[in-house]
**Student:** 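Structure provided below as structure tokens; questions to follow.
Proteins get letters first, then strands, A, B, ... in listed order; numbering begins at 1 in each. Values reported hereafter were calculated over all heavy atoms of this structure, with side chains retained and with hydrogens, waters and symmetry mates removed.
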Amino acid sequence: MAQKVAVGLVLNGVPEQVLCEPRQTLLEVLREHLGLTGTKEGCGNGNCGACTVLVDGEPVNACLVLAVEVEGRQVTTVEGLAKPGELHPLQEAFVQLGGYQCGFCTPGFLMSAAALLRENSDPSDEEIRQALAGNLCRCTGYDKIVKAVRSAAATLRNGGEGDERLAASGASR
Amino acid sequence: MSALLQVGRAVERVDGADKVTGQAVFGADVRLPGMLYGRVLRAPHPHARVVRIDTRRAEALPGVLAVITADDLPSLKVGESTAMGEVGLNVVYLADMVLCRGRVRWKGHPVAAVAAVSPHIAEEALQLIDVEYEVLEPVVDVLQAMEPGSPLVHDDLYTNLGRGQRSQEPSNVGTYLRIERGDLEAGWAAADVVVEREFRTRNVHQGYIEPQACVAQATADGRVTIWTTTQGAFAVRDQVSQLLQIPAKDIKVVPTEVGGAFGGKHYPYLEPLATMLSRKSGRPVKLVMSRAEVFEGTGPTPGSVIRVKMGANREGKLTAAYLWLAYDAGAYPGSAVGAAAITGLAPYVVPHVRVEGYDVVTNKPRVGAYRAPGATQVAFAVEQVIDELAQQVGLDPVTFRLRNAAREGTVRHDGYQYRRIGLVEMLEAVKAHPHWQAPLPEGRHVGRGFAVGYWFNGQFQSTCQIAVNPDGSVSLGVGNPDLSGARTAVVQIVAEELGLTTDKIRMQILDTSTAPPTDSTGGSRNTYTTGLAAYRAAVAVREEMKRRAAQLLEASPEDVEWAGGEFRIKGAPSRRLTWQQVAAQQRQTGGPINLVESAGGGGDHPSFSAALCDVEVDPDTGHVKILRWTAFQDVGRAIHPVMVEGQMQGGTVQGIGWALMEEYVWDQGVMLNPNFLDYRLPTALDVPDIDTHYVEVPEPNHPYGVRGIGEAPIVPPPAAIANAIHRATGVRVTELPMTPERVWQALAQA
């Protein structure tokens with residue numbers, strides 16, 4: 001069995017230290033060691049985007065990152081997207097506009113969309129589709145996801161809350 | 001029906017917050033103290049005999065707590081079959097599929113499984129299991145498999161010829177079926193135009209993003225608890241019971257949220273293995289498939305070879321149809337060729353028909369159900385031939401279909417008589433739609449394609465229980481997993497009947513030890529049948545609440561009415577009680593209210609769909625770009641309009657993927673592309689906005705006119721795109737998927 005190493009990171013704004021093997025992915029450590037099962041595994045090799053999380057504000061596939069690589073980094077998962085008991089405008093829009101059906105790919109879509117809206121507060125539909133092209137959804141046909149992201153962007157532009165926590169967790173650049 | 005307050009509105013989905021916060025628990029999210037991680041060893045050959053398995057080296061690896069092979073499974077009697085709704089499978093075949101009993105029948109066939117303290121150790125242990133194989137010649141191609149003298153997938157499979165007859169010799173044809181109506185020769189004689197073509201489709205996968213996953217915990221007293229992502233918790237219970245000879249009372253199956261299924265999560269691929277590993281190790285065991293295992297170890301939809309010959313007269317009336325269908329079932333018999341034999345011609349009145357169908361086994365994964373199983377393949381063929389006939393008699397494709405459309409009272413070629421259906425209304429809606437009336441978009445090779453789809457929609461049986469809580473809130477319990485949102489529709493129906501808002505009702509999907517027994521979720525039946533059971537339970541609860549109110553008001557129940565949020569005595573409106581007041585006094589008026597009702601067992605609730613698309617073909621590359629898409633459907637009644645649109649859009653995009661990019665690429669029974677990079681699902685960049693337009697022709701046997709809506713939308717897109725390509729280029733593409741390479745070759749040969 002491989003020697004375990006301690007990895008320190010800031011997870012959803014909270015400093016954490018976790019013991020893991022060098023061969024373990026960030027995805028495995030998030031799900032199996034830290035109990036954050038909102039981040040999903042759909043393929044294990046970076047093709048489906050279900051495991052998308054933010055590392056220092058950048059969307060990455062957690063299945064392609066080793067846990068030891070996030071030493072000293074800020075990691076945001078779907079559990080950290082909104083304040084406890086509240087919904088981020090993206091989450092609100094996905095619920096209201098039918099941006100999910102089974103919900104399995106949804107955390108990954110939310111994180112990719114959150115990264116997009118930090119870069120671009122008023123994306124076109126084409127830009128939204130481009131930003132989400134690394135996330136596979138098999139239920140919705142994407143139409144309502146695109147509309148939900150567009151709607152959330154408008155909410156955020158009009159002063160909607162929900163992005164502060166992301167900023168507080170180091171996602172600003 | 002009076003004005004509806006809850007049904008027909010896009011109320012907030014009842015599982016909304018859970019799904020967007022990551023709190024919803026899916027199969028792989030279950031974690032138990034002391035849990036082990038299992039892995040499955042799969043055969044590397046499509047066809048082989050297992051000479052010897054030696055597990056000693058794996059068992060000796062530190063951290064490994066259990067290794068199992070088929071020797072650990074009880075032997076089973078031949079001929080028992082499991083109850084799995086639309087996808088039943090002989091239990092002996094099922095047992096052999098779950099864990100190989102000496103004869104490897106496809107690459108990916110499980111031959112052993114291990115449980116260890118980490119998934120990495122379990123993976124290492126697989127390398128230490130020594131298996132000696134005697135490699136056999138595989139049979140992979142469906143036509144080749146039908147030839148006499150081909151290698152046999154099963155030495156003891158005989159062709160079921162119907163009426164108790166079977167073939168003299170073993171064969172790879174599991175079933176030969178035939179439907180005959182009228183006099184085919186007379187039909188050809190009456191035809192002015194006849195079109196005959198052959199089509200091919202390949203295996204495609206449901207492509208649910210959540211892989212199969214479960215956790216099993218066996219306890220010392222013989223009980224087993226299984227958490228799993230499934231379309232049917234009771235089916236899993238009964239299958240594990242049969243396969244492992246454990247009484248059903250000792251098995252509790254807890255259904256998790258399901259991350260997409262589309263027909264692919266009926267069979268218990270992992271649950272029996274996890275149970276055996278847990279029994280052997282004494283610890284809970286989690287099994288999760290990798291994506292490659294999902295492709296190679298679960299059931300895709302059949303590939304097919306389809307020959308169609310159809311005739312029509314100058315007036316545009318169909319005179320005859322002949323369908324020859326060979327469906328590739330994979331390693332065990334049971335493809336959906338029987339469904340295809342009906343759905344292909346279901347939209348049309350055809351006086352003279354012959355359908356011949358072959359269910360063929362090959363050394364490939366045993367197929368499963370995939371959204372309208374069997375129907376998309378045959379629609380790809382028939383709807384293209386219909387399009388050609390329309391062109392030859394000089395009619396537009398919608399008018400041609402209207403001239404031949406089935407309607408209420410039509411007797412289908414298999415003898416089924418339609419009740420009220422909405423095909424004609426849907427086709428009229430297409431003609432009136434701005435997309436149909438709009439000129440073609442600019443471009444050199446642009447075409448507009450149209451096709452129709454059909455799905456039966458089954459009922460099966462559901463049960464629902466409703467309890468009224470002392471605070472007036474309502475607890476609704478079912479055993480049906482919710483695949484994509486039906487629980488909100490069921491809550492809407494209950495809210496409507498109880499005169500409450502949906503936020504006063506909490507619906508729980510219960511485990512098999514607490515839920516009222518129910519069939520699996522599938523066949524687009526959940527809103528229909530579970531909704532019907534819930535409707536009956538709600539009516540019963542409402543009437544019981546009236547009786548309780550009558551007691552409290554010291555009146556006769558007939559004199560009490562429930563309206564405007566109050567129980568009132570007719571004619572004496574000052575004597576009234578709120579719902580909460582009656583609920584709070586249940587104990588004094590007869591005890592807790594908890595009522596159970598069942599529904600189902602009746603006939604189909606058919607739904608027709610259509611696809612209208614504009615495409616542009618690049619003649620240099622063969623690439624097909626979709627410029628505009630409108631999906632049409634008769635939905636019976638849209639309980640939740642946004643979710644109905646979502647089903648239409650999602651099914652359409654699956655159909656587009658099937659049409660243009662998805663296929664299992666085979667090399668001698670080895671899948672070359674078992675990952676999402678090489679087996680491409682449509683991304684957000686591959687598809688346009690999908691406009692939807694539905695008509696509502698109520699299903700006469702449902703109190704809300706519901707029809708199943710989930711499956712029909714996938715059926716017409718491949719044919720609609722093929723028809724659009726033909727109108728854009730003059731070339732027919734007869735093979736799926738219509739990749740740039742295939743389109744380019746078809747253009748080059750023209």
Side-chain angles (χ1 to χ4, degrees), chain A residues 1-2 21 23-24 28 31-32 35-48 50 77-79 81-82 87-88 90-92 94-107 110 125-126 128-147, chain B residues 10 12-13 15-26 28-29 31 62-63 118-121 206-211 257-262 288 290-291 483-485 642-643 645-654 656 675-677 681-692:
Chain A
M1 218 177 294
E21 296 175 40
R23 65 181 170 184
Q24 289 185 296
E28 183 182 349
R31 290 180 53 82
E32 302 295 336
L36 294 182
T37 53
T39 305
K40 304 302 181 190
E41 177 163 357
C43 72
N45 49 13
N47 300 144
C48 79
T77 68
V78 68
E79 289 91 347
L81 194 52
L87 294 183
H88 185 278
L90 274 166
Q91 293 170 313
E92 190 71 46
F94 270 60
V95 172
Q96 295 301 333
L97 299 177
Y100 71 96
Q101 284 177 28
C102 79
F104 188 81
C105 69
T106 309
L110 289 166
D125 281 7
E126 190 60 26
I128 294 170
R129 285 182 180 272
Q130 189 80 43
L132 300 180
N135 293 81
L136 295 175
C137 170
R138 193 58 158 172
C139 294
T140 64
Y142 302 105
D143 188 301
K144 294 188 188 304
I145 292 177
V146 173
K147 289 181 171 67
Chain B
E12 182 159 330
R13 270 185 63 167
D15 58 348
D18 251 18
K19 293 280 176 73
V20 297
T21 55
Q23 289 172 322
V25 175
F26 292 88
D29 298 339
R31 297 172 10 161
S118 93
H120 304 282
I121 294 172
Q206 297 86 355
Y208 37 80
I209 309 298
E210 181 203 29
E257 292 294 333
V258 181
F262 314 110
V288 182
S290 69
R291 181 53 55 181
L483 305 180
S484 51
V642 170
M643 288 200 293
E645 292 168 12
Q647 288 294 318
M648 294 171 70
Q649 293 168 331
T652 295
V653 169
Q654 284 185 320
I656 291 172
N675 62 72
F676 277 151
L677 193 63
L681 305 187
T683 72
L685 282 177
D686 293 312
V687 292
D689 288 344
I690 307 296
D691 290 331
T692 56

**Student:** Give, as side chain, backbone, both or neither, the part of B:E257 having an atom under 4.5 angstrom from any heavy atom of chain A.
**Tutor:**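 Neither part, no heavy atoms under 4.5 Å.
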
**Student:** With a 4.5 angstrom heavy-atom cut-off, is it the side chain or the backbone of B:A24 that approaches chain A, or both, or neither?
**Tutor:**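 For B:A24, the backbone is the part near chain A, not the side chain.
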
**Student:** Is A:L97 close to chain B through its backbone or its side chain, or both, or neither, when contacts mean heavy atoms under 4.5 Å?
**Tutor:**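 Backbone only.
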
**Student:** Against chain A, work out which of B:Q647, B:Q23, B:H120 has the most heavy-atom pairs shorter than 4.5 Å and name it.
**Tutor:**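 Answer, by heavy-atom pair count under 4.5 Å with chain A: B:H120.
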
**Student:** Does any backbone or side-chain atom of A:L110 lie under 4.5 Å from a heavy atom of chain B? Answer side chain, backbone, both or neither.
**Tutor:**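 A:L110 touches chain B through side-chain heavy atoms alone.
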
**Student:** For each of B:K19, B:M648, B:M643, B:Q654, tally heavy-atom pairs with chain A at distances under 4.5 Å, and name the one with the top tally.
**Tutor:**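 Ranked by contacts with chain A, first place is B:K19.
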
**Student:** Just verifying a value: how many Å separate A:R138 CZ and B:F262 CZ, rounded to the nearest 0.5 Å?
**Tutor:**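 These two atoms lie 7.0 Å from each other.
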
**Student:** May I ask you to name which of B:V288, B:D15, B:V25, B:T652 has the most heavy-atom pairs under 4.5 Å with chain A?
**Tutor:**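 Among B:V288, B:D15, B:V25, B:T652, the one with the most close pairs to chain A is B:D15.
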
**Student:** Side chain, backbone, both or neither: which part of B:E645 has a heavy atom under 4.5 Å from chain A?
**Tutor:**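 Interface part for B:E645: both.
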
**Student:** Heavy-atom distances under 4.5 Å only: say whether B:T21 touches chain A with side chain, backbone, both or neither.
**Tutor:**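 Both parts, heavy atoms under 4.5 Å.
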
**Student:** Side chain, backbone, both or neither: which part of A:Q91 has an atom under 4.5 Å from a heavy atom of chain B?
**Tutor:**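 For A:Q91, backbone and side chain are both near chain B.
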
**Student:** Hey, which of A:A131, A:G141, A:G134 has the most heavy atom pairs under 4.5 Å with chain B?
**Tutor:**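 That would be A:G141.
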
**Student:** By a 4.5 Å heavy-atom criterion (distance strictly below it), what part of B:V653 contacts chain A: side chain, backbone, both, or neither?
**Tutor:**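 Answer is side chain: those atoms of B:V653 sit under 4.5 Å from chain A.
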
**Student:** With a 4.5 angstrom heavy-atom cut-off, is it the side chain or the backbone of A:Y142 that approaches chain B, or both, or neither?
**Tutor:**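 Side chain only.
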
**Student:** Of the listed residues (B:G207, B:G260, B:P211, B:P688), which shares the most heavy-atom pairs with chain A below a 4.5 Å separation?
**Tutor:**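 Among B:G207, B:G260, B:P211, B:P688, the one with the most close pairs to chain A is B:G207.
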
**Student:** How long is the gap from CZ on B:R291 to CD1 on B:I209, to the nearest 0.5 Å?
**Tutor:**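 Separation between the atoms: 6.0 Å.
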
**Student:** Please state whether the side chain, the backbone, both or neither of A:T106 comes within less than 4.5 Å of a heavy atom of chain B.
**Tutor:**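 Side chain only.
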
**Student:** Minimum heavy-atom separation for A:T37 to A:E79, with atom names?
**Tutor:**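 Reported closest heavy-atom pair: N-OE2, 3.6 Å.
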
**Student:** How close do B:F676 and B:Y208 get, heavy atom to heavy atom, and via which atoms?
**Tutor:**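 For B:F676 versus B:Y208, the nearest heavy atoms are CZ-O, 4.5 Å.
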
**Student:** Measure distances from B:D686 to the heavy atoms of chain A and classify the residue's part below 4.5 Å as side chain, backbone, both or neither.
**Tutor:**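 No part of it gets close to chain A.
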
**Student:** Checking heavy atoms, do the side chain of B:P119, its backbone, both or neither come under 4.5 Å from chain A?
**Tutor:**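 Only the side chain of B:P119 comes within 4.5 Å of chain A.
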
**Student:** Under a 4.0 Å threshold between the charged nitrogen and the carboxylate oxygen, would B:D689 count as salt-bridged to A:R129?
**Tutor:**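 Yes, charged N to carboxylate O under 4.0 Å.
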
**Student:** Roughly how far, to the nearest 0.5 Å, is the CD1 atom of A:I145 from the CG atom of A:L90?
**Tutor:**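 Interatomic distance, A:L90 CG to A:I145 CD1, rounded to 0.5 Å: 11.5 Å.
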
**Student:** Go through the atoms of B:V642 and report whether side chain, backbone, both or neither lie under 4.5 Å from a heavy atom of chain A.
**Tutor:**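 For B:V642, backbone and side chain are both near chain A.
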
**Student:** Does one side chain, of B:T692 or B:Q649, offer a donor that lies under 3.5 Å from an acceptor on the other?
**Tutor:**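 No pair is found: no donor N or O on one side chain lies under 3.5 Å from an acceptor on the other.
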
**Student:** A:C48 and A:G42: which non-hydrogen atoms are nearest, and at how many Å?
**Tutor:**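 Heavy-atom minimum between the residues: SG-CA, 3.6 Å.
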
**Student:** Answer yes or no: is there a side-chain heavy-atom contact under 4.5 Å between B:D29 and A:R31?
**Tutor:**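 Yes. Closest side-chain heavy atoms under 4.5 Å.
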
**Student:** To the nearest 0.5 Å, tell me how far A:H88 NE2 sits from A:F94 CZ.
**Tutor:**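 Answer for the NE2-CZ pair, A:H88 versus A:F94, is 11.0 Å.
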
**Student:** So which part of B:L483 gets closer than 4.5 Å to some heavy atom of chain A, the side chain, the backbone, both or neither?
**Tutor:**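 Answer is backbone: N, CA, C or O of B:L483 sit under 4.5 Å from chain A.
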
**Student:** Below 4.5 Å, heavy-atom pairs only: which of B:A684, B:G650, B:G22 has the largest tally toward chain A?
**Tutor:**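 Highest number of heavy-atom pairs under 4.5 Å: B:A684.
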
**Student:** Given that the side chain runs from C-beta out, which part of A:E32 has a heavy atom under 4.5 Å from chain B: side chain, backbone, both or neither?
**Tutor:**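 Both parts, backbone and side chain.
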
**Student:** Out of curiosity, A:T77 OG1 to A:L36 CG, how far, rounded to the nearest 0.5 Å?
**Tutor:**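 A:T77 atom OG1 to A:L36 atom CG measures 5.0 Å (nearest 0.5 Å).
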
**Student:** Would you mind telling me which of A:G38, A:C102, A:G98 has the largest number of heavy-atom pairs within less than 4.5 Å of chain B?
**Tutor:**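 Heavy-atom pairs under 4.5 Å are most numerous for A:C102.
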
**Student:** Quick check: closest heavy atoms across A:Q101 and A:T140, and the distance to 0.1 Å?
**Tutor:**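 Heavy atoms of A:Q101 and A:T140 come nearest at NE2-CA, 3.7 Å.
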
**Student:** Say you draw a straight line from CZ of A:R23 to CD of A:E28; how long is it, rounded to the nearest 0.5 Å?
**Tutor:**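 Output value for this atom pair is 8.5 Å.
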
